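Working notes, beginning with the structure itself.
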Amino acid sequence: AVFIVVAPLSIAGTATQEIKIVRLAITATMAGMGLFIYRSDSFRGMTKGFTAFAILFTISGLWSDDIRWALFNKGMFLLAVLGGIYMATTTRNKDELSKGIRVLAFTGTLAGFLLFLAYLINPDANTSGDRLAVAGMNANTIGSSAAPMFILSFFLGLSHQGFKTRLFCFGSATLLAIIILGTGS
């Protein structure tokens, strides 16, 4: 959940080196905890395919003009993917996984609300061309951070029985969909 908030901030045009280091530390800790503490080695189903995609996506940074930064940024994606896989494969039951997903979805909703609020306060300063680019952040970064939160919120809306929770989740998914469309990602 912290990664979802820190990742876009660490790529913003005015990001400090400390924020970028925090992002690296969070993703490395997340993947490391899953691998070494929980000793998760039970890759099932599409997990292998998604892991292979993440590795190939990371390796594709070798064809970039600035190989070092390309591998660093794509490596963040790989570490986040591995951390998510380890979290999912080490949960003991559906309820425990659902609690983790709720925390991520609520964090994504908060981040989406803050982005939308920043845009409403000053639309001209928070766009780049015709795309949403709050606080100098890359529009694609905002969209790619909002996309998994949209999926989680929509999934929670479909899977939970309570009316208030469903309303909140579908409202969150709608807000995040607007942000994704606004960024043109």
Side-chain angles (χ1 to χ4, degrees), residues 1-12 19 22-23 25-27 29-31 33-34 37-38 40 42-47 50 54 76-77 79-123 125-127 130-185:
V2 174
F3 177 84
I4 296 298
V5 175
V6 172
L9 293 176
S10 65
I11 305 174
I19 293 177
V22 167
R23 180 177 75 159
I26 290 169
T27 51
T29 301
M30 186 168 60
M33 284 179 62
I37 294 174
Y38 295 110
S40 171
S42 55
F43 291 103
R44 296 181 193 97
M46 283 303 296
T47 303
F50 191 46
M76 291 294 102
F77 170 77
L79 288 172
V81 166
L82 293 177
I85 289 170
Y86 294 140
M87 181 193 83
T89 58
T90 57
T91 53
R92 291 181 283 278
N93 55 45
K94 182 182 173 186
D95 291 335
E96 188 177 300
L97 179 61
S98 182
K99 286 179 187 176
I101 291 175
R102 276 196 299 262
V103 170
L104 288 173
F106 292 147
T107 303
T109 301
L110 177 62
F113 178 75
L114 292 174
L115 285 174
F116 194 64
L117 187 62
Y119 171 76
L120 290 177
I121 291 171
N122 193 348
N126 292 302
T127 54
D130 59 349
R131 298 173 72 190
L132 181 64
V134 176
M137 287 185 268
N138 181 295
N140 290 329
T141 301
I142 296 171
S144 64
S145 296
M149 295 298 98
F150 165 78
I151 293 168
L152 288 175
S153 295
F154 192 74
F155 169 75
L156 287 174
L158 293 175
S159 64
H160 279 273
Q161 301 302 321
F163 176 75
K164 289 180 184 177
T165 303
R166 292 181 87 159
L167 184 65
F168 176 82
C169 290
F170 284 132
S172 172
T174 302
L175 173 66
L176 292 163
I178 291 169
I179 289 171
I180 294 167
L181 292 173
T183 61
S185 297

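Just so you know, these numbers come straight off a predicted model, no measurement behind them. The basis for the numbers below is simple: all heavy atoms, side chains too, and nothing from hydrogens, waters or symmetry mates.
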- Counterpart residues, ring pair (Phe, Tyr, Trp, His ring centres under 6.0 Å), relative to Phe170 (two or more places apart): Phe154
- Note on the structure: Minimal heavy-atom distance between Thr183 and Gly143, with the atoms involved, is OG1-CA, 3.6 Å
- Query: Under the ring pair (Phe, Tyr, Trp, His ring centres under 6.0 Å) test, which residues partner Phe116, sequence neighbours left out?
  - Reply: none
- Do any pairs count as a side chain to side chain donor-acceptor pair (under 3.5 Å) and have a residue in residues 108-117, sequence neighbours left out, and if so which ones? Thr109-Ser172
- Between CG on residue Leu176 and CD1 on residue Ile142, distance to nearest 0.5 Å: 12.0 Å
- Item | With Arg131 via side-chain hydrogen bond (donor to acceptor under 3.5 Å, both in side chains) - residues at least two apart | Asn140
- Atom CG in Leu132, atom CD1 in Ile179: separation rounded to 0.5 Å? 7.0 Å
- Of all heavy-atom pairs between Ala173 and Ser153, which one has the smallest distance, and what is that distance? N-CB, 3.9 Å
- Task: Would you please name every residue forming a ring pair (Phe, Tyr, Trp, His ring centres under 6.0 Å) with Phe168, sequence neighbours left out?
- Result: Phe106
- Message: Tell me whether the count of non-hydrogen atoms from other residues, nucleotides or ligands lying under 6.0 Å of CZ in Phe150 goes above 12.
- Response: yes
- Message: Once side chain to side chain contact (heavy atoms under 4.5 Å, CB included) is applied, do any residues pair with Ser159, and if so which ones, sequence neighbours excluded?
- Response: Phe155, Leu156
- Output the distance between atom CG (Leu175) and atom CG (Leu110), rounded to the nearest 0.5 Å. 10.5 Å
